[in-house]
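Beneath this line is the structure, given in structure tokens, with notes to follow.
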Amino acid sequence: MENTDDYRIQSFDLDTQMLLKTALKDPSSVNLEKVSDIIVDQSLKDQVFSKEAGRICYTIVQAEAKQNNGTFRRNVLNRLQQEFKKREETRGRSLQEWVCYVTFICNVFDYLKVNNMPMVALVHPVYDCLIRLAQPDALINEEEVDCLVVQLHRIGEQLEKVNGPRMDQLFFLLRDGFLLQEGLTSMTRLLLLEILEFRAGGWVLSGTAHKYYYSEIAD
């Protein structure tokens with residue numbers, strides 16, 4: 001069993017840490033609805049945790065599957081759906097919470113599989129979120145562009161395999177944004193150019209390109 005400290009759950013109070021540690025090992029002994037709410041709520045306010053949360057969900061789902069239970073997975077998907085419905089309201093209220101939500105849903109998409117395939121229920125919501133990040137009013141926010149590029153590095157290839165036309169749609173927006181939109185920062189332009197090249201190269205960045213972009217970003 002992996003060390004539970006690896007899951008970045010130290011940010012919770014001690015009772016919650018104990019609850020999560022128990023859920024990771026023996027899900028049937030805890031209230032899984034409560035556990036899923038804790039994980040989703042924390043993911044929406046803590047950007048570091050939102051990047052780890054998919055792995056925690058995966059571990060609990062694997063453990064509960066051995067006990068012929070699907071409560072936790074069902075609750076997480078329900079919460080993701082509820083938050084998805086009010087995503088515009090969230091974005092309007094808090095850019096950070098919106099970026100955390102996108103990071104979390106992409107992370108869950110990356111980790112939770114059915115027969116080694118991405119969960120069909122998540123494909124369109126994930127695309128809808130990424131396409132939202134590619135709209136002109138989002139491309140002027142470096143935080144949103146950075147989030148978009150990070151997610152595409154992580155799950156772009158998987159997403160394209162399950163729905164190529166929507167990836168084309170997303171990259172039309174990114175190309176138009178890069179070529180036509182005024183008022184983008186030089187960092188945003190660099191990130192957009194890098195992700196356009198990344199996909200064009202078959203979701204791989206050549207050594208030369210990697211050196212170019214990452215030395216630029218480090219500067």
Side-chain angles (χ1 to χ4, degrees), residues 1-130 132-133 147 150-151 154-155 158-159 162:
M1 176 70 203
E2 284 182 71
N3 181 347
T4 49
D5 292 338
D6 294 344
Y7 291 97
R8 296 188 191 265
I9 57 180
Q10 306 92 318
S11 51
F12 294 98
D13 63 66
L14 288 173
D15 286 349
T16 306
Q17 285 187 42
M18 280 309 299
L19 179 67
L20 292 175
K21 285 177 181 180
T22 308
L24 287 161
K25 292 174 182 162
D26 182 16
S28 64
S29 64
V30 296
N31 178 338
L32 290 171
E33 192 167 345
K34 185 179 177 186
V35 171
S36 59
D37 281 340
I38 288 167
I39 290 171
V40 175
D41 290 342
Q42 186 70 10
S43 296
L44 294 177
K45 61 186 181 195
D46 179 341
Q47 226 163 335
V48 175
F49 186 77
S50 68
K51 295 172 188 170
E52 291 289 323
R55 202 157 60 95
I56 298 176
C57 293
Y58 169 78
T59 306
I60 297 174
V61 165
Q62 293 291 98
E64 78 169 352
K66 287 177 187 158
Q67 299 168 343
N68 291 321
N69 192 352
T71 307
F72 175 79
R73 186 174 81 167
R74 195 163 51 250
N75 285 336
V76 168
L77 292 175
N78 283 344
R79 279 296 309 276
L80 279 170
Q81 188 178 22
Q82 286 165 22
E83 298 297 331
F84 177 76
K85 285 178 180 164
K86 54 184 188 186
R87 63 195 181 282
E88 275 304 320
E89 183 193 317
T90 301
R91 183 178 178 271
R93 185 183 69 249
S94 164
L95 213 52
Q96 187 196 346
E97 195 177 316
W98 157 239
V99 164
C100 282
Y101 173 73
V102 177
T103 304
F104 179 53
I105 194 174
C106 290
N107 204 250
V108 171
F109 173 85
D110 191 25
Y111 274 101
L112 293 195
K113 300 283 192 277
V114 177
N115 302 324
N116 290 326
M117 289 294 290
M119 294 182 73
V120 176
L122 291 177
V123 176
H124 282 301
V126 167
Y127 263 122
D128 287 345
C129 288
L130 297 182
R132 182 65 188 88
L133 289 171
C147 174
V150 168
Q151 305 320 318
R154 179 165 194 153
I155 60 169
Q158 292 179 59
L159 268 177
V162 289

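Just so you know, residue 1 is the first one in the sequence shown, and it goes up from there.
With rounding to the nearest 0.5 angstrom, the CG atom of Leu80 is 9.5 Å from the CE atom of Met119. A distance of 10.5 Å separates CZ in Phe84 from NE2 in His124, rounded to the nearest 0.5 Å. Distance check, rounded to the nearest 0.5 Å: CG of Asp128 to CG of Leu133 gives 11.0 Å. In this structure, CG in Leu122 is found 10.0 Å from CG in Leu159, a value given to the nearest 0.5 Å. The distance from the SG atom of Cys57 to the CG atom of Leu24 is 9.5 Å, given to the nearest 0.5 Å. For the atom pair CZ (Arg87) and CD (Glu97), the distance works out to 14.5 Å, reported to the nearest 0.5 Å.
At least one donor-acceptor pair closer than 3.5 Å links the side chain of Gln17 to the backbone N or O of Gln10. A donor-acceptor pair under 3.5 Å is absent between the side-chain atoms of Glu83 and the main chain of Tyr101, judged by distance alone. A distance-only check finds a donor-acceptor pair linking the side chain of Thr59 to the backbone of Arg55 [under 3.5 Å].
Using a 4.5 Å heavy-atom cutoff, the side chains of Gln42 and Ser11 are in contact. Between Lys34 and Asp37, the closest side-chain pair of non-hydrogen atoms is not below 4.5 Å.
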- Candidate pair Val35 and Thr22, rule side-chain contact (heavy atoms from CB on, under 4.5 Å), full reasoning: CA-CA 10 Å; Val35 171; Thr22 308; over 6 Å; no

- Run the numbers on Asp26 and Gln67 for side-chain contact (heavy atoms from CB on, under 4.5 Å), then give the verdict. CA-CA 9 Å; Asp26 182 16; Gln67 299 168 343; 2.9 Å; yes

- Could you walk me through whether Glu52 and Asn107 pass side-chain contact (heavy atoms from CB on, under 4.5 Å), step by step? CA-CA 8 Å; Glu52 291 289 323; Asn107 204 250; 5.9 Å; no

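Below 30°, between 30° and 60°, or above 60°: for Phe12 and Phe49 the angle between ring planes is above 60°, a perpendicular geometry.
Heavy-atom contacts from other residues, nucleotides or ligands closer than 6.0 Å to CZ of Arg73 number 12 or fewer.
Residue Ile105 forms a side-chain contact (heavy atoms from CB on, under 4.5 Å) with just one option from Asp110, Leu130, Val126, and that option is Val126.
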